[in-house]
Every structure is written in structure tokens, then in C-alpha cells.
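Quick caveat: nothing in here was measured; it's all calculated off a predicted structure. For the numbers below, each heavy atom of this structure counts, side chains included, while hydrogens, waters and symmetry mates do not.
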Amino acid sequence: MTISRPEHDMLRCVARRRLEPCDLSKIHSLLNSQIEWDYLINLARDHGVLPLLSKHLNDTSRELLPPKVTSTLKRESITNTQSVLHLVAKTLKANKAFKDHGIDSAIFKGAVLAEMAYGDVGLRQAGDIDILISPEQFAPARQVLESLGYEMYPQLNAAQLSSHLSFHCELQFLRDDWFTVVDLHWALTPQSFAFGMEGDEVLSRLQTVSFAGVEVKTFATEDLVLYLAIHGAKHLWRRLEWISSLAEVAKPVDESAWDMIVERALKVRAAKILALGLHLVEYLFSQNVPAELLPRLDPGGAMKTLAREIGEDLFAAHSRTLLSSESHLYNLKVMDRKRDALSSALRALFVPTLSDWQALKLPPALHSLYYAYRPLRLSRSYSSALLRKLT
């Protein structure tokens with residue numbers, strides 16, 4: 001368990017759309033304690049909540065901040081806003097190009113999620129542009145992105161691309177200017193993290209939202225809640241902002257929508273994963289979830305216990321390197337079926353990835369050798385990691 005620090009309490013206070021009076025009182029109390037500002041700012045950046053920290057401290061407590069901190073937060077905010085606006089422009093251009101070429105797509109995460117969760121595109125840290133398409137539309141979508149100046153990264157030969165499309169869920173396309181990255185998704189998760197909801201199913205029930213004055217399509221709220229829980233679980237909930245955005249998207253959901261979310265979670269074998277996300281929302285933000293939901297999703301309370309463990313270790317876990325065995329044991333806990341966790345582990349062990357192809361260059365005719373090379377490479381990597389931990 002991580003020893004609680006005032007910086008950790010500060011981040012839990014500011015990682016939300018609006019501050020309640022109790023949050024404001026807590027912030028003022030924390031500002032009167034010994035805050036290590038460099039640690040706080042770096043930790044906020046690592047957890048994706050630096051824009052929220054900057055906004056809430058400047059809006060409510062500017063006079064209590066050291067001048068150097070005020071200057072740093074202002075500089076960070078301006079830099080992030082510039083990056084976000086650049087990405088918004090590129091997102092809208094890509095979205096229009098896909099629409100013009102008849103490619104059904106959804107913009108998700110990134111600035112669209114910032115608008116939905118926090119009411120401001122600048123309140124999530126700038127990252128990539130995430131677009132979901134049908135697997136069948138990968139080739140035309142690739143052509144559209146290449147016509148806009150993006151290049152697939154890394155470059156894959158035909159055998160590698162076929163394997164990647166079959167077993168994984170996304171591929172990067174990169175532009176030189178500002179290192180703009182489009183993550184083109186054709187599935188919601190890789191097959192190394194079993195999840196029963198198909199991307200085409202999500203694409204069939206998109207909602208339209210206003211984004212920078214333009215109407216774009218994104219996930220229906222019910223699917224977004226479930227996807228955010230899946231995304232956080234896939235990455236072992238090692239970032240505070242993932243929990244915060246789930247909390248904010250879940251706040252306005254009404255009772256009938258919750259029934260639909262629970263039904264979908266049960267259908268796609270993600271009841272435990274949804275329960276874990278909602279327990280984290282309750283534990284870290286004291287945000288009430290409808291009382292009848294969690295007993296249906298987590299009747300034994302195992303996910304409540306796991307959420308407490310994750311929450312207590314959140315600020316230390318982010319920077320700690322995990323061994324593969326730890327991830328597989330975690331999947332055994334959070335997946336509804338043990339055989340899904342076993343299947344995920346086997347695929348993670350044997351199915352080659354981008355890093356394998358970059359580490360060893362083989363001609364297409366020998367592509368099948370990667371399935372033997374990957375476990376050997378992982379064994380060497382994890383042995384080194386384990387040795388470092390032990391020493």
C-alpha cells in the first residue's frame with residue numbers, strides 16, 4: 001500500500017469536471033500543508049490530469065499558489081491547448097475525408113471525450129486521434145489517411161499486416177508536423193484481451209455530438225461507459241484520468257440506460273470489468289453508483305476488494321514495470337470466464353506483435369517463425385526484468 005501524501009489527495013480533488021464545496025475546502029487545506037510542487041505537477045502529468053489541476057487551482061486558489069507554480073501551470077496549459085487545437089483541426093479534416101469517401105467511422109477518446117466528460121476539449125492532455133472503422137474498410141481508410149499525408153508506422157509487409165489485422169485492434173498513422181498520430185482501430189481490444197463486443201456492433205448505434213462546432217459521430221453513451229471500463233481494465237487502471245473520465249461520463253446516465261449497460265456487460269462477458277470500474281469511481285471520488293447495479297455485477301464483492309487495492313496503490317503503480325505474469329493473474333481476476341483469461345494469456349505469449357517484427361527482420365516467406373521467436377524473446381525480456389526486480 002502506498003503511503004498517502006497531500007499531493008495524492010490534491011489530484012483526487014481536482015480530477016473532476018466541477019468542484020463541490022467540500023472539494024474546495026479540502027484543496028485550501030492541502031495548500032496550507034507541505035506540497036512538493038515538482039512532484040505534484042509531474043504526477044499530474046503522468047496521470048493525465050494536469051489540465052484539470054491547472055484549471056481548478058487557477059480558478060479557485062490562484063492567490064495561494066507560489067508565483068513559480070502559477071507560471072508553470074500557465075505555460076503547461078497554453079502548450080496543451082495549442083496541441084489540442086492542432087489535433088482538433090486534424091481530427092475534423094480526417095473525419096470529413098472519411099465521410100466524403102463513404103467510410104463509416106467514429107471519433108472517440110481524445111478531445112471528443114474531453115468535451116463529453118469535462119465540457120472543454122482542453123481538459124484532457126493532448127495525445128492521439130482515435131478513429132474506429134469496420135475491419136473491411138481498413139484498406140480504403142488507409143488510402144484516405146495516406147492522401148492526407150499520414151504514413152503507416154511501422155511499415156508492414158503483407159504477411160505482417162494480415163497477422164496484425166487478425167489479432168490486434170489498431171495501427172498508427174503518423175505525420176511529420178507536430179508528430180500527429182492517428183490510431184486507426186478496427187476492433188475495441190486486441191485478442192490478447194478477450195472482450196465480446198464487436199466494433200461493428202458499436203458502429204451500428206453511434207450518437208452525433210457537437211465537436212468544435214461540427215457534428216461528428218462517436219460512441220453511444222451506453223457503449224462509451226462500457227468501453228471506458230474495458231480500456232481502463234486492459235491497462236490495469238494505472239492512470240487516474242481513466243477513472244475520472246469514466247466517473248464524469250457515468251454521472252448523467254439514467255436508470256433505463258444503466259439497465260442497458262448492465263445487459264450489454266453481461267452479454268459480452270464484462271460484468272466484473274464494469275463492476276471494477278464503478279467500484280473505483282466510488283472509492284476514489286465518493287461518487288454514488290445506483291445501489292442495485294453493483295450487486296448484480298459483483299455479487300461476491302471481489303471487484304470491490306480489488307478496486308480498493310488498485311486505488312490504494314494507484315500513484316505508485318503507474319511508474320512500476322509489471323511482469324507479464326502479473327498481467328495474466330490480473331486478467332484471471334477481472335474476466336468473467338477463466339477460459340477467456342487463459343486464451344488471452346496464450347495469445348499474448350505466442351502471437352507476434354509490432355515489437356517482434358521490429359526486433360527481428362525476416363522475409364515474408366519465413367513469417368511463421370515469428371510464432372516461435374516471440375516466446376523466446378519474451379522469456380529473455382521478462383527474465384531480465386525479474387532479475388532487476390530481485391536486485
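For F173 and Y153, the ring centers sit 6.0 Å or farther from each other.
The hydrophobic clustering, which links ILVMFWY residues whose side-chain heavy atoms are closer than 4.5 Å, places L266 and V268 together. The hydrophobic cluster containing L92 also contains V84, counting ILVMFWY residues as joined when their side-chain heavy atoms lie under 4.5 angstrom apart, directly or transitively. One hydrophobic cluster, built from ILVMFWY side chains closer than 4.5 Å, holds both I103 and I131.
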Side chain to side chain contact (heavy atoms under 4.5 Å, CB included), that's the test. Do T72 and I41 meet it? Break it down for me. CA-CA 9 Å; T72 298; I41 290 171; 3.9 Å; yes
Report the C-alpha separation of T218 and L113 in whole Å, then their side-chain angles, then the decisive distance to 0.1 Å, and conclude whether the side chain to side chain contact (heavy atoms under 4.5 Å, CB included) test is met. CA-CA 9 Å; T218 190; L113 178 56; over 6 Å; no
Between D23 and T60, does a side chain to side chain contact (heavy atoms under 4.5 Å, CB included) hold up when you go through it step by step? CA-CA 11 Å; D23 300 319; T60 66; over 6 Å; no
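Applying the side chain to side chain donor-acceptor pair (under 3.5 Å) test to R347 and every residue at least two apart in sequence or in another chain returns Q191, S343. Here D176 pairs with nothing under the salt bridge (charged side-chain N to carboxylate O under 4.0 Å, His left out) rule; sequence neighbours left out. For the salt bridge (charged side-chain N to carboxylate O under 4.0 Å, His left out) test, residues two or more places apart in sequence or in another chain that qualify with E7 are R5. In this structure D9 satisfies the salt bridge (charged side-chain N to carboxylate O under 4.0 Å, His left out) test together with R12, sequence neighbours excluded. Not a single side chain to side chain donor-acceptor pair (under 3.5 Å) links S105 to another residue, sequence neighbours left out. Residues passing the side-chain contact (heavy atoms from CB on, under 4.5 Å) test with E151 are Q155, sequence neighbours excluded. Annotation: side chain to side chain donor-acceptor pair (under 3.5 Å) contacts of Q143 (sequence neighbours excluded): none. Shown here are the side-chain contact (heavy atoms from CB on, under 4.5 Å) partners of I261, two or more places apart in sequence or in another chain: E222, V225, V253, W258, L274.
Between the side chains of Q207 and T221, at least one donor N or O sits under 3.5 Å from an acceptor N or O.
For the ring-ring contact (aromatic ring centres under 6.0 Å, His included) condition, no pair includes a residue of residues 48-76, sequence neighbours left out. A ring-ring contact (aromatic ring centres under 6.0 Å, His included) check over residues 75-105, counting only residues at least two apart or in different chains, returns the pairs H86-W178. Pairs engaging residues 271-302 under the ring-ring contact (aromatic ring centres under 6.0 Å, His included) rule: none recorded [sequence neighbours left out].
Y370 contributes a side-chain N or O that, together with a main-chain N or O of L360, makes up a donor-acceptor pair within less than 3.5 Å.
The pair D259-R296 meets the salt-bridge criterion, since a charged nitrogen lies less than 4.0 angstrom from a carboxylate oxygen. Note on R269 versus D336: no salt bridge recorded, every NZ/NE/NH1/NH2 to OD/OE distance being 4.0 Å or above. For R124 and E241, the salt-bridge test passes: some basic side-chain N is under 4.0 Å from an acidic carboxylate O. Ion pairing of K304 with E282 is absent here, as no side-chain N (NZ or NE/NH1/NH2) approaches a carboxylate O to less than 4.0 Å. A salt bridge links R205 with E201: at least one charged nitrogen is closer than 4.0 Å to a carboxylate oxygen.
Counting non-hydrogen atoms of neighbouring residues, nucleotides and ligands closer than 6.0 angstrom, the CD atom of E136 exceeds 12 such neighbours. Atom CD of E198 is surrounded by 12 or fewer heavy atoms from other residues, nucleotides or ligands within 6.0 Å.
Grouped by direct or indirect side-chain proximity (heavy atoms under 4.5 Å, Ile/Leu/Val/Met/Phe/Trp/Tyr only), F167 sits with V351, Y371.
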